[in-house]
Novice: 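Below you'll find the structure I mean.
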Amino acid sequence: MPAAGLGTRFLPATKATPKEMLPVVDKPAIQYVVEEAVTAGLSDVLMVTGRNKRPLEDHFDRNYELEQVLRDKGDAAKLARVEESSDLATMHYVRQGDPRGLGHAVLCAAPHVGDQPFAVLLGDDLIDPRDPLLARMIEVQEQYGGSVIALLEVDPDHIHLYGAAAARPTGDDDVVHVSDLVEKPSAEEAPSNLAIIGRYVLDPGVFEVLRKTRPGRGGEIQLTDALQALASDESLGGPVHGVVFKGRRYDTGDRGDYLRAIVRLACEREDLGPDFRAWLRSYVTEEM
Ligand code: G1P
C-alpha cells in the first residue's frame with residue numbers, strides 16, 4: 001500500500017497528520033483498505049511510507065496504555081475497537097525516500113514481494129465491503145495469469161484524472177483484455193472511458209519493467225507506464241486484464257468526495273445511520 005503522499009489537498013489537516021489517518025466516520029481511511037485486503041485473504045501488508053507517517057505504524061500496533069485504561073474501566077466495546085486494528089494483519093513498513101511517483105513506490109516493495117503475484121491498494125479509493133473487488137481480481141489473476149487491474153466506467157469529462165485503458169471483451173462478462181494504457185489523458189486522447197481505480201494484482205515481472213521506466217507524466221515514474229509496457233509485450237510478465245467494477249467506490253483523495261464518502265457511509269451505518277439520516281433529511285429540506 002503506497003502511503004507516502006503529502007496529502008496537500010487537505011492542508012492544514014495534513015500538516016502534522018498523514019492523510020491516510022483522516023477519519024472516515026470513526027475509522028482512519030487506511031484501516032478500511034487494510035480490512036479490504038484481509039477480507040480478500042491477504043494477511044501480509046507492506047506500507048510504503050515516508051517522513052511524518054509514524055502515526056500509521058502506531059495505529060496498526062498495540063497501545064498497551066490505552067488498552068489497560070479501557071480494561072480497568074471495564075469498557076469492552078472500546079477495548080475491542082482499539083485492539084481491532086493491531087490484530088488485523090502482519091504489518092511491514094518501508095520508506096520511499098524520494099517521492100518519485102507511484103511506480104517508484106511500488107518498486108520499493110520489490111525486495112519484500114519476491115517472485116509472487118502481489119496486490120497494490122491505493123488508500124484514496126475505498127471500495128464498499130459489500131462489493132468485493134479484490135477477491136474477484138485475485139481469482140481472475142489465478143485464471144488468466146499476468147496482471148489484473150481494476151477499471152471503472154467514468155464520465156468522459158473525468159477521464160483526465162485517471163489512467164485510461166483500451167480493452168476488448170473476454171469470455172467473462174466482467175473481465176476485459178487490456179491492450180493499451182495511458183496515464184491521465186485528455187478526453188480526446190483517451191482510448192476509452194474505462195478508468196483505472198486503485199486496485200492492482202500484479203505479476204512480479206512489473207518490477208523489472210519499473211526499473212527501466214523513465215519519468216512520465218508530471219515527471220514521475222508512473223505505474224501506468226510500466227503496465228502499458230506489460231500490456232504491449234506479454235513476454236515481460238504475461239497479459240494484462242481488467243476487472244470492470246460496477247460496485248460502490250468512494251474517493252477520499254479529494255475534499256468534496258471525502259465529504260460525500262463520510263455522509264454515505266454514516267447514513268448506512270447501523271449504529272449511527274437512523275439518527276444521522278433523520279437529521280440530514282431535515283437539514284436538507286429545512287435549512288438548504
Ligand atoms: C493514480 C494512478 C492512476 C489511477 C489513480 C486511481 O493516480 O496513477 O492511473 O487512475 O491512481 O485512483 P493518482 O490519483 O495517484 O494521481
Side-chain angles (χ1 to χ4, degrees), residues 1-10 14 18-20 22 24 29-30 32-33 36-37 47-50 53 96 99-109 119-128 133-134 137 147-167 176 178-187 189-202 206 209-210 213-231 240-245 247-258 260-261:
M1 292 181 191
L6 296 176
T8 51
R9 279 185 279 188
F10 285 88
T14 48
K19 66 168 175 173
E20 293 78 10
L22 295 181
V24 175
I30 193 73
Y32 290 85
V33 184
E36 180 192 339
M47 287 205 181
V48 183
T49 67
K53 298 286 183 168
Q96 194 178 353
R100 290 162 56 202
L102 178 58
H104 177 244
V106 171
L107 189 51
C108 293
V120 176
L121 291 88
L122 306 188
D124 285 348
D125 284 307
L126 296 193
I127 303 296
D128 196 295
L133 169 62
L134 190 58
M137 292 173 72
S147 297
V148 179
I149 60 179
L151 297 170
L152 182 76
E153 271 186 54
V154 299
D155 185 323
D157 288 345
H158 293 158
I159 196 72
H160 68 279
L161 300 169
Y162 301 92
V176 291
V178 174
S179 56
D180 212 3
L181 289 160
V182 194
E183 179 66 4
K184 307 210 170 94
S186 65
E189 291 163 338
S192 75
N193 65 336
L194 285 173
I196 305 175
I197 52 171
R199 299 294 179 269
Y200 308 78
V201 177
L202 301 178
V206 74
V209 177
L210 279 169
T213 302
R214 304 266 62 90
R217 198 167 179 94
E220 298 192 333
I221 298 172
Q222 297 291 350
L223 181 59
T224 304
D225 292 347
L227 295 173
Q228 160 64 16
L230 289 180
V240 178
H241 286 88
V243 167
V244 183
F245 183 58
R248 287 156 283 194
R249 160 191 178 255
Y250 314 101
D251 183 346
T252 57
D254 161 277
R255 285 177 299 176
D257 287 333
Y258 171 74
R260 282 183 273 277

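Numbering of ligands and ligand atoms starts at 1, following listing order. Starting from 1, each residue takes its place in the sequence as its number.
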Novice: Relative to the heavy atoms of Thr224, which atoms of ligand 1 are at a distance of less than 4.0 Å?
Specialist: 9 (O)
Novice: Quick check: Leu102 and ligand 1, any N/O pair under 3.5 Å apart?
Specialist: no
Novice: In the protein, which heavy atom is nearest to atom 13 (P) of ligand 1, and how far is it?
Specialist: Lys184 NZ, 3.6 Å
Novice: State the atoms of ligand 1, each with its element, that fall below the 4.0 Å cut-off from a heavy-atom position in Leu122.
Specialist: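 Once the distances to Leu122 are compared, the set is 11 (O).
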Novice: Under the side chain to side chain donor-acceptor pair (under 3.5 Å) rule, collect the residues that match up with Asn193, sequence neighbours excluded.
Specialist: none
Novice: For Tyr250, enumerate each residue passing the ring pair (Phe, Tyr, Trp, His ring centres under 6.0 Å) test, keeping only those at least two apart in sequence or located in another chain.
Specialist: none
Novice: With heavy atoms under 4.0 Å as the rule, classify the contact between Asp125 and ligand 1 as side chain, backbone, both or neither.
Specialist: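 Contact part for Asp125 vs ligand 1: side chain (C-beta onward).
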Novice: For atom 15 (O) of ligand 1, state whether the nearest protein heavy atom is under 4.0 Å away.
Specialist: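 Given the 4.0 Å cut-off, atom 15 (O) of ligand 1 does not count as touching protein heavy atoms.
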Novice: Determine the sole option in Val243, Leu151, Val33 for which the side-chain contact (heavy atoms from CB on, under 4.5 Å) test with Arg199 is passed.
Specialist: Val33
Novice: If you have a sec, work out which protein heavy atom is nearest atom 6 (C) of ligand 1 and how many Å separate them, to one decimal?
Specialist: Ile196 O, 3.4 Å
Novice: With no hydrogens and no angle check, is any side-chain donor or acceptor of Thr14 less than 3.5 Å from a backbone partner on Gly7?
Specialist: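 Yes; at least one donor-acceptor contact below 3.5 Å.
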Novice: Do Arg214 and Asp225 sit within salt-bridge range, that is, some charged N less than 4.0 Å from a carboxylate O?
Specialist: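 Judged by the 4.0 Å cut-off on N to carboxylate O distance, Arg214 and Asp225 do not form a salt bridge.
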Novice: Compare every heavy atom of Pro156 with every heavy atom of Ala187, then report the nearest pair and how far apart it is.
Specialist: CB-O, 3.9 Å
Novice: Write out the residue and atom name of the closest protein heavy atom to atom 8 (O) of ligand 1, then the distance separating them to 0.1 Å.
Specialist: Glu183 OE2, 2.7 Å
